[in-house]
Every structure is written in structure tokens, then in C-alpha cells.
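Working notes for the structure below.
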Amino acid sequence: MADAEQDDEDYVVEMEGIEKRFGEVVALEDVTLRLRRNEVLAIAGDNGAGKSTLIKCLAGAHRPDAGVIRIDGETVDIDSPRKAKRLGIETTFQDLAVAGNLTVTQNVFLGREEVQGPNTLLGVLDKGAMRERAGELLDDLKINVDVDEKVANLSGGERQLVSISRTLLSDPEIVIMDEPTSALSVEGADRVLELIDRMQDQGISIVLISHNLDHVRRAADRVHVLHQGRSAGVLDGEGVDRDDIVTRMVAGMPESGYGERAANV
Ligand SMILES: Nc1ncnc2c1ncn2[C@@H]1O[C@H](COP(=O)(O)OP(=O)(O)OP(=O)(O)O)[C@@H](O)[C@H]1O
Ligand SMILES: [Mg+2]
């Protein structure tokens, strides 16, 4: 059965009827995306399909022009990245925001003061404590990089791991990753996929955007396909047919998929 959604599921995120325009460009039209608690949901789609725009609506980087977002069943207005973080949503964006001239520790804590406020525990951590906390975080995730190393000296894969580990500092409920494996070697991608597994083991619910269908099939419980700003179906990840994903990426929802379309809305 191609469609993999039922009403009695425990959804941590529900985005319904999302629409987003940039001037004349309709980036998203009536998109409904649901993330089950503790699953890895992949979003697949061709360049320009609207993947990044969709997750930016969830991350507080864009405001949808229409639609509703619910987190844990509550309707929310995610009007800033800060609000998203407060709701337990952390994101690594496609254009990786790590600062090469800073150390691993400094990158892990970059921007945290702002998020946590000056009076919280993290706000008053001194340099030594931050170093220690960054070291613990990386150890927990079995990421073997020196916390004092400048990020510019790390490999692309290691940078990606640092960027992902940074999202875990605040103990998030939901982590969104936009193309975390795209620039990586086979080994680098393996490490990121292993990290995704470990995050899932820790109870995190994950949205993974990837062009790499092997990575999608390996990591995802379900695959949501987008085509030209519209949903092209939700497929079960395990044993998912590669051609089924590709056909939907290229041609959208199959004509015969009426029942499926009805179930997805
Ligand atoms: N800030 C923006 N201003 C104007 N148009 C935008 C903006 N962001 C995205 N778009 C347009 O919206 C559409 C969807 O873009 P989006 O970046 O979401 O695609 P994507 O699926 O992430 O693609 P890719 O696989 O290349 O990352 C595209 O037509 C894009 O040009
Ligand atoms: Mg994108």
C-alpha cells in the first residue's frame, strides 16, 4: 500500500494546507506533511520542488501564506527561528552555517546565549564549562573531533557532524536536516546516517531532506515526495521501490492515486 498515513497516529508535527509564494512563484501549494513521533521522515523531490521552503516554514525562517501547523496537537504560530527552538525544533540548513574561523566548541555554542537568555544555565557557562559540555556532547555521539580545533581545519563530513551535534545541545524533540549528506564522501555520509540512527534511538523525531535515494531508503521510516510544490504521496520507507519515488519526483502524484490523494489531505 503506497499511502502510509492513518488518523489514529501519534503525530508530533502536522502541517496542513501549507502554501507559500515568492512573488509570482508558487513554492508550495496545499502541502500536508505529518511527522510521527520518533520516526525518520524523508522529504524527497527534485531541485526547486519546495523541500527547503517547507522545512523553513517549520523552522520559523519563513511564514506560510496559508495553512496550519500543529506541534503535539497544538496549533502554533512559528513566527521566528527562536520560536521554533522554544517549541523544541532544531534545524541544520542546506547552506551549512558553521563558522570556519571559530573552534568546534565555539561553533557548538554559537548563538545559544541569544536562544537561552543571559540568566539560564548555558548563559552563564564559562569557557571551560562550554569546552567540557561540547566534549561530552561529541563523545555521546561518538564524534571524534578535537573541541579546540578550528572548524576550517575539519573535513566536510566532520563539519556536518559538528553542525548536527549543535542541534542536540538543547535536547530537542524534533530535528530537521536539509541535505546533511549531499557534500560528503561515502564514509562521511555513513557517519551522518549512523548519527541519525542514534538520534532516533534517543527518541528524537527527524525530518531528513535528501536527494540521495539510497540514503533515504536506508534512514527513513517513510518518504514524503514533493513535486513542483505539491505533495506527490507518502511512501513506506522499508522496502520502498526506488522507481516509485523517482516517478513521483518527476511526474507527481500518479493519476490512479485518487484514494491516496484523498487519504493524504
Ligand atoms: N527566498 C526565495 N525567494 C524567491 N524564490 C524562492 C525563495 N526560496 C525559494 N524560492 C523558489 O521556490 C521554489 C522552491 O525552492 P526550494 O529551495 O524550496 O526547493 P528545494 O526543493 O529545496 O530545491 P533543492 O533541491 O535545489 O534544494 C523554487 O522555485 C525557488 O526558486
Ligand atoms: Mg533545498
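In what follows, every heavy atom counts, from backbone to side chain, and hydrogens, waters and symmetry copies are set aside. Counting starts at 1 for both ligands and their atoms, following the listed order.
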Task: Check: Arg21 main-chain N/O paired with Asp65 side-chain donor or acceptor under 3.5 Å - done: yes
- [ ] Dump the intermediate steps for side chain to side chain contact (heavy atoms under 4.5 Å, CB included) on Ile78 and Ile69, then the final yes or no.
- [x] CA-CA 8 Å; Ile78 308 179; Ile69 301 178; 4.1 Å; yes
Task: Close approach of His211 to ligand 1, heavy atoms, under 4.0 angstrom - done: yes
TODO: Please tell me if the side chains of Asn38 and Gln200 come closer than 4.5 Å, counting only heavy atoms from C-beta onward.
DONE: yes
TODO: Please tell me if the side chains of Asp140 and Leu168 come closer than 4.5 Å, counting only heavy atoms from C-beta onward.
DONE: no
- [ ] Evaluate the criterion side chain to side chain contact (heavy atoms under 4.5 Å, CB included) for residue pair Arg133 and Leu169; output intermediate values, then yes/no.
- [x] CA-CA 9 Å; Arg133 180 73 189 91; Leu169 196 63; 4.1 Å; yes
TODO: Compare all side-chain heavy atoms of Lys51 with those of His211 and state whether any distance is below 4.5 angstrom.
DONE: yes
TODO: Measure the distance from atom 25 (O) of ligand 1 to every protein heavy atom, then report the residue, atom name and distance (to 0.1 Å) of the closest one.
DONE: Lys51 NZ, 2.7 Å
TODO: State whether Asp244 and Arg248 are salt-bridged, where the test is any N-O pair (Lys NZ or Arg NE/NH1/NH2 against Asp/Glu carboxylate O) under 4.0 Å.
DONE: yes
Open item on the list: Could you identify the single nearest non-hydrogen protein atom to atom 14 (C) of ligand 1 and state the distance to 0.1 Å?
Closed with: Gly48 O, 3.4 Å
Task: Val104 vs Leu154 side-chain heavy atoms within contact, under 4.5 Å - done: yes
Open item on the list: Can you tell me if Leu54 contacts ligand 1 (heavy atom of the residue under 4.0 Å from the ligand)?
Closed with: no
Open item on the list: Looking at Asn144, I want to see if its CG is surrounded by more than 12 non-hydrogen atoms of other residues, nucleotides or ligands under 6.0 Å.
Closed with: no
TODO: Could you say whether the N/O atoms of Ser52 and ligand 1 ever approach to under 3.5 Å?
DONE: yes
Task: Donor-acceptor contact below 3.5 Å, side chain Lys83 vs main chain Asp77 - done: yes
Task: Sub-4.0 Å protein heavy atom next to atom 21 (O) of ligand 1 - done: yes
- [ ] For atom 18 (O) of ligand 1, state which one of Leu28, Ile55, Thr53 supplies the nearest heavy atom.
- [x] Thr53
Open item on the list: So, regarding Ala49 and ligand 1 (criterion: nitrogen or oxygen to nitrogen or oxygen, under 3.5 Å), is there a contact or not?
Closed with: yes
Task: Numbering as shown, the atoms of ligand 1 that approach Asn47 to under 4.0 Å (heavy-atom distance) - done: 23 (O), 24 (P), 25 (O), 26 (O)
- [ ] Work out whether the distance between some heavy atom of Gly45 and some atom of ligand 1 is less than 4.0 Å.
- [x] no
Open item on the list: Between Ser210 (side chain only) and Asn212 (backbone N and O only), is there a donor and an acceptor less than 3.5 Å apart?
Closed with: yes
Open item on the list: Under a 4.0 angstrom heavy-atom cut-off, which atoms of ligand 1 come close to Ala27?
Closed with: 12 (O), 13 (C)
Open item on the list: Just to be sure I understand the site: which N, O or S atoms from the protein are less than 2.8 Å away from the Mg ion (ligand 2)?
Closed with: Ser52 OG, Gln94 OE1
TODO: Using a 4.0 Å heavy-atom threshold (strictly under), name the region of Asp46 that reaches ligand 1: side chain, backbone, both or neither.
DONE: backbone
TODO: Could you check atom 29 (O) of ligand 1 against the protein and tell me its nearest heavy-atom contact, residue, atom and distance included?
DONE: Val25 CG1, 3.8 Å
Task: Main-chain N/O of Val147 paired with Thr105 side-chain donor or acceptor, under 3.5 Å - done: yes
- [ ] Provide, to 0.1 Å, the distance between atom 1 (N) of ligand 1 and the closest protein heavy atom, together with that atom's residue and name.
- [x] Phe22 CE2, 3.7 Å
Task: Closer than 4.0 Å: a protein non-hydrogen atom to atom 9 (C) of ligand 1 - done: yes
- [ ] Check whether Val26 and Leu54 end up in the same hydrophobic cluster, where Ile, Leu, Val, Met, Phe, Trp and Tyr are linked by side-chain heavy atoms less than 4.5 Å apart.
- [x] no
